[in-house]
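What follows is a set of notes on a single structure, which appears directly below.
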There are 2 protein chains.
Amino acid sequence: MAGRGGYAKGIAKREEILLTALDVIARHGYRGASVKEIADAVGLSQAGLLHHFDSKEHLFVEVLRRRDELDTATALAAFAERGVGGALDAFVDVMRSNAEVPGLVLLYSALAVEAADPAHAAHAYFRERRGMFRAALSGGIRQMQADGDVDAALDPDTLATAIHALADGLQVHSLIERDLDMARVIEHVVGAMSPRDASEEPSTP
Amino acid sequence: MAGRGGYAKGIAKREEILLTALDVIARHGYRGASVKEIADAVGLSQAGLLHHFDSKEHLFVEVLRRRDELDTATALAAFAERGVGGALDAFVDVMRSNAEVPGLVLLYSALAVEAADPAHAAHAYFRERRGMFRAALSGGIRQMQADGDVDAALDPDTLATAIHALADGLQVHSLIERDLDMARVIEHVVGAMSPRDASEEPSTP
DNA sequence: ATTAGAAACCGAATGGCGTACGGTATTCGT
DNA sequence: ACGAATACCGTACGCCATTCGGTTTCTAAT
C-alpha cells in the first residue's frame with residue numbers, strides 16, 4: 001500500500017520522486033530506470049521508495065497523469081483564448097514542448113505498449129485517456145468542418161483516431177530518429193485535410 | 001554464441017523456436033514471454049534455447065526479420081502485378097493480415113519502443129527498416145502524384161513519414177482497442193490525400 | 001565403419017530485478 | 001507530551017536473462 005495523503009515530508013518526497021523518475025529515465029533509458037536507480041537518486045532505499053507508490057508501474061502512470069493535468073490545462077486555456085482552431089494549435093504546441101522533456105516520450109511510449117496487458121496499471125489509464133482525447137479531438141474537427149477549415153467529406157471520428165495514432169506513432173519513431181520534427185509532420189497532414197478550394201494555393205480569390 | 005549454420009536438427013529446432021515464440025507471446029503477453037516459457041514450449045532448457053540465439057532480444061528480432069521477408073515478397077509481387085497503386089493496396093493488405101497473427105503486433109510494438117536503446121539488438125533493425133520502408137513508400141507516392149492519384153502539392157517524404165508513423169501508432173492503439181480497424185483508418189486518410197477535383201468521395205464508404 | 005570435431009543440449013550458478021514483510025524511527029494532530 | 005499514523009529500512013523471496021563447464025548426439029571426412 002502507498003502512504004497516501006500523509007505528512008508534509010511524505011508529500012514533498014512523493015513529488016520529488018515523480019520529478020526524479022523522469023530524470024533517471026532520460027539518463028539511463030527506460031530499461032535502466034530500475035527502482036534501485038530511482039531510489040538512489042532520491043536518497044531512499046528500494047523499500048522506502050515503494051512505500052510511496054503501490055508499484056513501479058503505478059509510479060510511472062502517476063508521472064503521466066501529472067503531465068496530463070498540465071497539458072489539458074494548457075489546451076483549455078488555448079481554447080478559451082483562441083477558440084477551436086487555437087485548440088488544435090495548442091495540441092501541436094503541447095506535443096512540441098513535451099517532446100523536449102527528456103524521458104517523457106520514452107516513458108509514454110513504453111507504457112503505451114505495456115498497457116496492452118489488462119493487468120498492467122497503465123491499462124485503464126490509456127483506455128480512458130484515449131476515449132477522452134478522441135472525443136475532444138473529433139469534436140474540434142467537427143467544429144472546424146463547420147467553420148470550413150476542414151474538408152466536410154471526412155469522417156471526424158476516423159480522422160480523430162488517425163491523428164491520435166499518428167501523434168503516438170511519431171513519438172515512437174522519434175525515439176530512434178531523434179531529429180524527426182513531429183509537429184511539422186502533423187501540421188503538414190492536417191493542412192492536407194483542409195478544403196482545396198479555400199486555401200493551399202494563394203490563387204486569385 | 002549461437003550455433004549457426006549447423007546440423008539439420010538444429011536448423012529445424014531454430015525454426016520451431018521462432019514459430020513458438022509468437023505463440024507464447026500471444027498466449028502469455030509480451031511480459032509473460034520469458035525464456036523459460038518459450039523453452040518449455042519447445043521442450044528445451046533455458047540454456048538449450050539460448051544456444052540457438054545470442055540472446056532473447058536477438059531471437060525476437062529474428063522473428064520480425066522472417067516476417068519482413070514474407071511481407072516484402074508479397075508487396076513486390078503485388079507491385080509486379082498491379083503497379084504502384086497495387087503496392088499501396090498490398091501494404092494495407094499486409095498490415096491487415098499481420099494484424100491477425102496473434103502476438104505479432106504485440107512483439108513488433110514492444111520491440112519498436114525497446115529499440116530506443118542503442119544497445120538493444122532491435123535498434124539497428126528498426127533504423128535500417130525505416131529507411132528502406134520510407135524510401136519505398138515516398139517513391140510510390142511520387143509515382144502516384146505523377147499519375148494524378150495523390151495531390152501534387154503534398155511533400156512525398158513527409159507523407160511517407162506520416163503514413164509509416166500512422167501505421168505503427170495504429171498498431172499500438174489496437175493492442176488495447178482490439179476492434180480498431182487499422183486498414184480502414186489508413187485507407188480513409190490516404191483517400192483524403194487524393195486531388196479533390198478528381199474524386200468526389202474520399203474513399204469507399 | 002570409424003572417428004574426430006562440431007553442434008546440441010543440460011545443470012548449476014550468478015547477478016539483477018520488483019516486491020512483501022516485520023520492525024524502527026519520525027511526524028504531528030490532539 | 002502522547003500516541004497513532006506515517007516514513008523509512010534490512011532482509012528475504014521468487015523470477016528473470018545469461019554464463020560456464022561438461023555431456024551427449026550428430027555427421028562429414030576418412
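As the structure is a computational prediction, the values presented were derived from the model and not from experiment. Quick note on labels: first sequence line is chain A, next is B, and so on, each numbered from 1.
Each of A/Gly32 and A/Ala47 was matched to the nucleotide of DNA chain C holding its nearest heavy atom; the match closer to the 5' end belongs to A/Gly32. Each of A/Gly10 and B/Ala8 lies near DNA chain D, and the nucleotide nearest A/Gly10 is the one positioned closer to the 5' end.
By the 4.0 Å N-to-carboxylate-O rule, A/Lys13 lies close enough to A/Glu16 to be salt-bridged with it. Taking 4.0 Å as the cut-off between side-chain N and carboxylate O, A/Lys56 and A/Glu114 do not count as a salt-bridged pair. Ion pairing of B/Arg66 with B/Glu62 is present here, as a side-chain N (NZ or NE/NH1/NH2) and a carboxylate O approach within less than 4.0 Å.
Straight-line distance from the NE2 atom of A/His120 to the C1' atom of C/dT19: 15 Å, rounded to whole Å. The distance from atom CZ of A/Phe60 to atom C1' of C/dG18 is 11 Å, rounded to the nearest whole Å. Summarising the geometry, the separation between CG on A/Asp117 and P on C/dG18 is reported as 17 Å, rounded to the nearest angstrom. For A/Asp40 and C/dG16, the CG to C1' distance is 13 Å, given to the nearest whole Å. Residue A/Leu50 contributes atom CG, which lies 8 Å from atom P of C/dA20 at whole-angstrom precision. Across the protein-nucleic acid pair, B/Arg31 atom CZ and C/dT19 atom C1' stand 14 Å apart, rounded to whole Å. Going from atom CD of A/Glu37 over to atom P of C/dT19 covers 16 Å, rounded to whole Å. In this structure, NZ of A/Lys36 is placed 18 Å from C1' of D/dC16, rounded to the nearest angstrom.
One distance of note links CZ of A/Arg130 with CG of A/Asp168; it measures 6.0 Å at 0.5 Å rounding.
For the helix from C/dA1-D/dT30 to C/dT30-D/dA1, the terminal axes (five pairs an end, C1' atoms, rotation from four pairs onto the next four) enclose an angle of 10°, given to 10 degrees.
The shortest heavy-atom contact between B/His120 and B/Ala115 is CB-CA, 4.3 Å.
Considering only side-chain N and O atoms, A/Lys9 lies nowhere under 4.0 angstrom from the phosphate OP1 or OP2 of D/dA7. Checking the phosphate oxygens (OP1, OP2) of D/dC8, no side-chain nitrogen or oxygen of A/His51 falls inside 4.0 Å. A close approach under 4.0 Å does occur between a side-chain nitrogen or oxygen of B/His52 and OP1 or OP2 of C/dC9. A close approach under 4.0 Å does occur between a side-chain nitrogen or oxygen of B/Arg14 and OP1 or OP2 of C/dA8. Put simply, B/Ser45 has no side-chain N or O that comes within less than 4.0 Å of OP1 or OP2 on C/dC9.
Taking the side chain as every heavy atom from C-beta outward, B/Leu64 and B/Arg129 never approach each other to under 4.5 Å.
A side-chain donor-acceptor contact under 3.5 Å links A/Asp68 and A/Tyr125.
The B/Leu44 side chain lies nearest to C/dC9 when the options are D/dT27, D/dA17, C/dC9. Side-chain proximity of A/Lys13 to D/dC9, D/dC8, D/dT18: nearest is D/dC8. Side-chain proximity of A/Tyr7 to the nucleotides D/dA7, C/dC9, C/dC17 is greatest for D/dA7. Each of C/dA20, C/dC10, C/dT19 was ranked by its minimum atom distance to the side chain of A/Ser55; first place goes to C/dT19. Which of D/dA17, C/dC10, C/dT19 sits closest to the side chain of B/Val35 comes down to D/dA17.
In this pair, A/His164 and B/His173 present their aromatic rings perpendicular. The plane angle is above 60°, beyond the 30 to 60° band.
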